[in-house]
Amino acid sequence: MSIYNIVKELVCISFYNEEAYEKSLMELFQNLGYNAFYGPDIERDYKKSSLYE
C-alpha cells in the first residue's frame with residue numbers, strides 16, 4: 001500500500017463520524033424496506049409488558 005493510499009484512507013475515516021454512520025445504517029435499513037420512527041413518538045403500554053407479569 002502506498003503512502004498516498006494510507007493518507008487517503010485516513011482522510012476518509014476522519015470524516016466518517018457517528019452521525020454519518022447512523023445515517024448510512026438508516027438508509028441501508030430503509031432500502032431493505034424497514035420504517036424508522038423516533039422513539040419518544042412511539043406509544044407504549046408499559047403495564048402490558050411481560051416484565052410486569
Side-chain angles (χ1 to χ4, degrees):
M1 182 175 272
S2 70
I3 196 75
Y4 172 77
N5 287 337
I6 293 172
V7 171
K8 184 178 171 184
E9 284 187 34
L10 288 174
V11 169
C12 289
I13 290 171
S14 67
F15 291 114
Y16 200 73
N17 57 18
E18 182 180 356
E19 181 182 3
Y21 181 70
E22 181 181 344
K23 285 182 179 181
S24 65
L25 286 177
M26 294 296 291
E27 183 178 342
L28 170 69
F29 286 116
Q30 287 175 351
N31 289 339
L32 292 173
Y34 290 93
N35 294 321
F37 299 100
Y38 181 61
D41 291 343
I42 300 172
E43 290 188 33
R44 296 176 58 182
D45 186 0
Y46 292 100
K47 304 248 190 248
K48 290 187 178 180
S49 173
S50 61
L51 294 174
Y52 296 103
E53 293 178 2

For Tyr38, ring-ring contact (aromatic ring centres under 6.0 Å, His included) partners two or more places apart:
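Tyr38: no ring-ring contact (aromatic ring centres under 6.0 Å, His included) contacts found.
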Going by side-chain heavy atoms closer than 4.5 Å, which hydrophobic residues are tied to Ile42, directly or by a chain of links?
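Ile42 shares its hydrophobic cluster with Phe37.
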Do Tyr34 and Met26 belong together in a cluster built from hydrophobic side chains that touch within less than 4.5 Å?
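Per the 4.5 Å side-chain linkage, Tyr34 and Met26 are not co-clustered.
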Residue list, side-chain hydrogen bond (donor to acceptor under 3.5 Å, both in side chains) with Glu19, at least two apart or on another chain
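For Glu19 the side-chain hydrogen bond (donor to acceptor under 3.5 Å, both in side chains) partners, ignoring immediate neighbours, are Lys23.
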